[in-house]
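To keep things clear, I will list the structure first and then write my remarks on it.
Here is the naming used below: chain letters follow the sequence lines, and residue numbers restart at 1 for every chain.
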Amino acid sequence: MTVATAVVDWYHANRRDLPWRRDGFTAWGTLVSEFMLQQTPVSRVIPRLEEWLTRWPTPADLAAVPPGEAVRAWQSLGYPRRALWLHACAVAITERHGGVVPDDVDALLALPGIGDYTARAVAVFAYGERHPVVDTNIRRVIARAVDGQGEPGPPSAKRDLTAMEALLPHERSAAAAFNAGMMELGALVCVARTPRCEECPVRDACAWRLAGYPVYEGPRKAVQKKYEGSDRQVRGLILAELRASHIPVTQAEIDALWPDAPQRDRALAGLLADGLAIAVDGGYVLP
DNA sequence: CATCCGTGGTA
DNA sequence: TTACCAAGGAT
């Protein structure tokens with residue numbers, strides 16, 4: 001049995017019942033879910049996703065409201081620029097693609113907020129196209145099972161896609177199941193901290209296991225800066241105030257949110273530059 | 001290629 | 001408590 005077959009069989013027996021895997025889930029739903037899942041865990045995405053798709057069941061529905069409504073409905077999913085990009089995406093799909101989510105990777109890549117991962121994920125999971133998909137889970141599984149390393153090195157789109165392509169089944173539905181299965185394997189079994197190798201469908205072929213689990217010696221990932229006291233935190237505080245208010249938030253109210261004036265000004269300027277806030281008479285509002 | 005961009009859960 | 005981690009993308 002090949003690695004691909006083992007992963008596909010395991011996936012069919014162990015896949016979680018997630019909203020975006022339901023029968024009849026739309027391509028638009030897939031696109032929204034992929035935006036939300038960019039760096040945000042599944043458990044936090046599910047409730048927001050249901051709300052969004054109930055309120056905006058098609059791209060045209062979202063495109064018809066101001067972008068600030070998207071930012072507000074994003075709530076605390078984090079990285080709120082994604083809400084802005086998703087709204088811009090809905091506008092572009094409505095204007096350029098007749099309201100239909102494209103199935104072509106290059107057309108998807110041309111949309112705001114869609115990069116290499118999301119473009120392929122939509123083409124594969126919404127439309128069943130045959131492409132390799134590479135996300136953080138798959139990079140880790142390949143690093144271990146194929147390369148015999150405990151952690152993936154720095155991302156390299158060409159190398160990662162080549163590695164995935166080499167394993168990808170030819171038949172479209174099998175290829176889609178393999179992509180999903182590799183992601184699910186990385187999410188449930190081949191996890192970052194304490195992998196559950198005894199449950200792994202490819203343990204007998206895993207290069208990392210066969211090599212005796214060598215400790216990773218390559219370049220370390222850049223450490224994420226502390227959130228407490230960061231510009232990100234201040235931006236978050238200001239944006240939460242804008243989301244909560246339906247009238248302009250005054251400069252005085254913003255001043256009360258954070259004591260360090262230069263940092264506060266920097267955060268507000270950043271929000272304005274990103275289009276997450278706009279200055280109006282009497283203060284600041286969502287776009 | 002490195003850095004910036006939120007927020008919350010977990011070991 | 002701190003540090004790491006989570007279906008990335010833009011610049």
**Asked** Hey, is the side chain of A/K225 poking within less than 4.0 Å of OP1 or OP2 on B/dT3, counting only N and O atoms?
**Response** no
**Short side-chain N/O contact to B/dT7 OP1/OP2 from A/Y227, under 4.0 Å** = yes
**Item:** Centroid-centroid under 6.0 Å between A/W208 and A/Y213 rings
**Value:** yes
**Prompt:** Is the distance between the ring centroids of A/W52 and A/W74 under 6.0 Å?
**Reply:**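 Judged by ring-centre distance (under 6.0 Å), A/W52 and A/W74 do meet the cut-off.
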**Message:** By nearest atom, which of the nucleotides C/dG8, B/dG8, C/dA10 is closest to the A/S76 side chain?
**Reply:**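 Of the candidates, B/dG8 comes closest.
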For atom [atom1] of [X] and atom [atom2] of [N], their distance in whole Å:
{"X": "A/D274", "N": "C/dG9", "atom1": "CG", "atom2": "P", "result": "17 Å"}
{"X": "A/D231", "N": "B/dT3", "atom1": "CG", "atom2": "P", "result": "15 Å"}
{"X": "A/R120", "N": "C/dG9", "atom1": "CZ", "atom2": "P", "result": "11 Å"}
{"X": "A/K226", "N": "B/dG6", "atom1": "NZ", "atom2": "C1'", "result": "16 Å"}

Regarding [X] and [Y], do their side chains bring together a donor and an acceptor under 3.5 Å, going by distance alone?
{"X": "A/T250", "Y": "A/E253", "value": "yes"}
{"X": "A/T30", "Y": "A/S33", "value": "no"}
{"X": "A/T40", "Y": "A/R82", "value": "yes"}

**Request:** Please tell me which of A/R220 and A/L109 maps to the more 5' nucleotide of DNA chain C, matching each residue to the nucleotide holding its nearest heavy atom.
**Result:**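 Looking at the nearest nucleotide for each, A/R220 comes out on the 5' side.
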Give me the residues of [range] where at least one heavy atom lies under 4.0 Å from an atom of DNA chain C, by number, or none.
{"range": "residues 173-203 of chain A", "value": "A/M183, A/A192, A/R193"}
{"range": "residues 25-49 of chain A", "value": "A/E34, A/L37, A/Q38, A/Q39, A/P41"}
{"range": "residues 11-20 of chain A", "value": "A/R16, A/L18, A/W20"}

**Qualifying side-chain hydrogen bond (donor to acceptor under 3.5 Å, both in side chains) pairs, either residue in residues 186-201 of chain A, two or more places apart** =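 Counting only pairs at least two positions apart or across chains, the side-chain hydrogen bond (donor to acceptor under 3.5 Å, both in side chains) contacts touching residues 186-201 of chain A are A/R196-A/E199.
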**Request:** Find the distance between CH2 (A/W28) and CG (A/D61) and round it off to the nearest 0.5 Å.
**Result:** 9.0 Å
**Complete:** Sorted by chain and residue number, the salt bridge (Lys or Arg N to Asp or Glu O under 4.0 Å) partners of A/E241 (sequence neighbours excluded) come out as none
Categorize [X] for me: base, sugar-phosphate, or nothing, with a 4.0 angstrom heavy-atom threshold over every strand shown.
{"X": "A/G78", "value": "base"}
{"X": "A/R139", "value": "nothing"}
{"X": "A/Q233", "value": "nothing"}
{"X": "A/P80", "value": "sugar-phosphate"}
{"X": "A/I114", "value": "sugar-phosphate"}
{"X": "A/D116", "value": "sugar-phosphate"}
{"X": "A/R21", "value": "base"}

**Prompt:** Taking it one step at a time, do A/S173 and A/E171 satisfy side-chain hydrogen bond (donor to acceptor under 3.5 Å, both in side chains)?
**Reply:** CA-CA 6 Å; A/S173 64; A/E171 197 272 319; 2.6 Å; yes
**Message:** Could you check whether A/D274 pairs with A/R235 (Lys NZ or Arg NE/NH1/NH2 to Asp/Glu carboxylate O, under 4.0 Å)?
**Reply:** yes
**Item:** Ionic contact status for A/R120 with A/E34, cut-off 4.0 Å
**Value:**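 A/R120 and A/E34: not salt-bridged.
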**Request:** Nearest-nucleotide wise, let me know which of A/A222 and A/G236 is further upstream toward the 5' end of DNA chain B.
**Result:** A/A222
**Message:** Here's a test of your reading of the structure: between A/P155 and A/R82, which maps to the more 5' nucleotide of DNA chain B?
**Reply:** A/P155
**Item:** Listed partners of A/W85 passing ring pair (Phe, Tyr, Trp, His ring centres under 6.0 Å), at least two apart
**Value:** none
**Prompt:** Rounding to the closest angstrom, what is the interatomic distance between C/dG9 and B/dG8 at atom P?
**Reply:**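 So the two P atoms sit 23 Å from each other.
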**Prompt:** Say you pick atom P in C/dA7 and the same atom in B/dT3; how far apart are they, in whole Å?
**Reply:** 23 Å
**Message:** Out of the candidates A/R266, A/K225, A/R264, only one should pair with A/D231 under the salt bridge (Lys or Arg N to Asp or Glu O under 4.0 Å) rule; please name it.
**Reply:**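 In the set A/R266, A/K225, A/R264, the residue that makes a salt bridge (Lys or Arg N to Asp or Glu O under 4.0 Å) with A/D231 is A/R266.
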